[in-house]
Each structure stands twice: as C-alpha cells, then as structure tokens.
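For ligands, and for the atoms within them, numbers begin at 1 and follow the listed sequence. Heavy atoms only: backbone and side chains are in, while hydrogens, waters and symmetry mates are out.
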Amino acid sequence: MPARKKRGRAWLERAVIALLVLCIGAELVYWYRHRAIPGAKVSTPDWVTQELLPLNPYSRPATPLETVDGVVIHYVGNPGTSAAANRSYFANLALTHEAYASAHFVVGLEGEVLQCVPLTEIAYCSSQANDYTVSIEVCHADEAGEFSAETMASLLRLTAWLCGEFDLSSANVIRHYDVTGKICPKYYVEHPEAWEDFLSSLDALLAQEEAAP
Ligand SMILES: [Zn+2]
C-alpha cells in the first residue's frame, strides 16, 4: 500500500477513535450529572408518548432537576393547536432561537400526552419555579382556554401519577399564575372555582389510588 494511503487511513482511524471517545465522554458526563436526582428512578407509563426534544440551549438545556416540589399547570395560549404542534414549536427553537421555552409534558385536545423533556432535567416554562417543578402545557379549543373533557381526564391522570411518583399532594399543584401572576391557564385563573374543582378531582383520584391495593 502506498505510504500516503496508509497515512490517510491511520488518520481516519484516529479521528474515528477520537469521536467515539468524545461521544462516550459526553454520555458519561450526562449520566453522572443526572444519576442521583429524583426523576432518575421514574419510568414512563405506556399512556405517555415520549418524544424528547433535541438537546439545545433554547428548550432542553440538560440542566439537572435536582428537586421536585411541585407541578405547574399551563395553557398553550394558542387555540386549536395540537400537542404535536406545540412540541414541534419547542423542538424548532433549537433552530429559530426565538425564545427560551419548553415543558415536560403537553396534553392534547384528544387527551394525548406527549413528554418533551425528561423528569431528570428542567424545562423552560415556569420562570423562577423551573428549578423545582415539573411543568405541563395543556391544549385548548378556543380563546376562553377551558380544557375539554378528554384533555381534563388526561391532565388529572398525569398530575395524579406525578404526585404519586414525587410524593406530592394537591397542595403542590399550582398554576403558572401562582408563580408569576401571568394569566395562565387563562380559564382557570378567571374561574377560580373551576381550578378548585380540578384540585378536588385530583384529591379524589389520589385518595382512590391510595386506597387501591
Ligand atoms: Zn404558562
């Protein structure tokens, strides 16, 4: 084999090895940073579709979520959009750079549940509460922002599951409004009794789960 070709191949081999070492190194660093945090031991139920966002500074910065003290509920504020469309918006921020935004979960108009960010990482959703809460964005049909029966059923199921996994009660479930004063989720800020109904239904579901063998 000519010496030049041989040198070329040796260079290529070294480059491939260097790339492998870099990839394994990055995986190890990721694993080490996220290994001992609460979300690491939670496994996703089959009614949640996991479509994680690509790692990027605008919607999935891979910052460890060290504690989970609450769940924050939002409305997407964009009537009629699907869970998939809202997930795509978050994913595209990696390219558009137009905002810092994401949520752990998006609940859709038909009750579908998409997970965008792992429970071991923070999402950019609830301002100063990002560091210690799990966030849920909820789709709605119109400007009023009320959730459909299917959407509400899934939201209750998801919230109850999170409460069970992180040892939380309905007192730890709050609105975006309770963090920053933003009118979000709109209908449930403008109709506090509807929010109280949601919390009562959550309490009933949690009590039911506790009573189950
Ligand atoms: Zn919000």
Side-chain angles (χ1 to χ4, degrees), residues 39 48 51-53 56-61 63 65 67-94 96-109 111-119 121-148 150-163 166 168 170-199 201-202:
V48 171
E51 286 182 14
L52 300 180
L53 304 177
N56 74 92
Y58 295 87
S59 53
R60 193 183 157 201
T63 308
L65 180 60
T67 48
V68 177
D69 289 341
V71 176
V72 186
I73 312 292
H74 302 255
Y75 88 132
V76 296
N78 201 349
T81 54
S82 65
N86 283 281
R87 185 214 164 269
S88 289
Y89 170 74
F90 295 145
N92 286 336
L93 292 175
T96 63
H97 301 185
E98 67 185 40
Y100 291 91
S102 56
H104 289 96
F105 299 94
V106 186
V107 180
L109 296 167
E112 70 277 26
V113 181
L114 287 186
Q115 183 175 12
C116 306
V117 176
L119 290 166
E121 300 175 22
I122 68 152
Y124 283 147
C125 207
S126 313
S127 307
Q128 62 268 39
N130 285 337
D131 290 341
Y132 57 90
T133 57
V134 171
S135 50
I136 305 175
E137 281 282 0
V138 186
C139 297
H140 47 97
D142 55 31
E143 292 286 348
E146 190 176 4
F147 306 150
S148 73
E150 292 91 336
T151 304
M152 186 52 107
S154 288
L155 176 62
L156 277 167
R157 186 184 201 186
L158 177 61
T159 310
W161 171 66
L162 289 167
C163 285
F166 293 105
L168 304 171
S170 64
N172 307 107
V173 178
I174 56 174
R175 300 164 295 186
H176 189 181
Y177 169 79
D178 301 311
V179 182
T180 65
K182 184 178 174 181
I183 308 302
C184 173
K186 185 169 181 273
Y187 186 85
Y188 301 87
V189 173
E190 292 172 348
H191 300 83
E193 70 287 358
W195 178 249
E196 289 304 321
D197 283 349
F198 167 74
L199 293 179
S201 302
L202 178 62

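- A ring-centre distance under 6.0 Å is not found for Y177 and Y188.
- Counting heavy atoms from C-beta on, the side chains of V117 and L53 come closer than 4.5 Å.
- Looking at H176, its N, O or S atom nearest to the Zn ion (ligand 1) turns out to be ND1.
- Considering just the N/O/S atoms of H74, the one nearest the Zn ion (ligand 1) carries the name ND1.
- The shortest side-chain heavy-atom distance between S126 and H74 falls under the 4.5 Å cut-off.
- Put simply, C125 stays out of reach of the Zn ion (ligand 1), with no N, O or S atom under 2.8 Å from it.
- When the side chain to side chain contact (heavy atoms under 4.5 Å, CB included) test is applied to T180, the partners found at least two apart in sequence or on another chain are S127, Q128, H176, K182.
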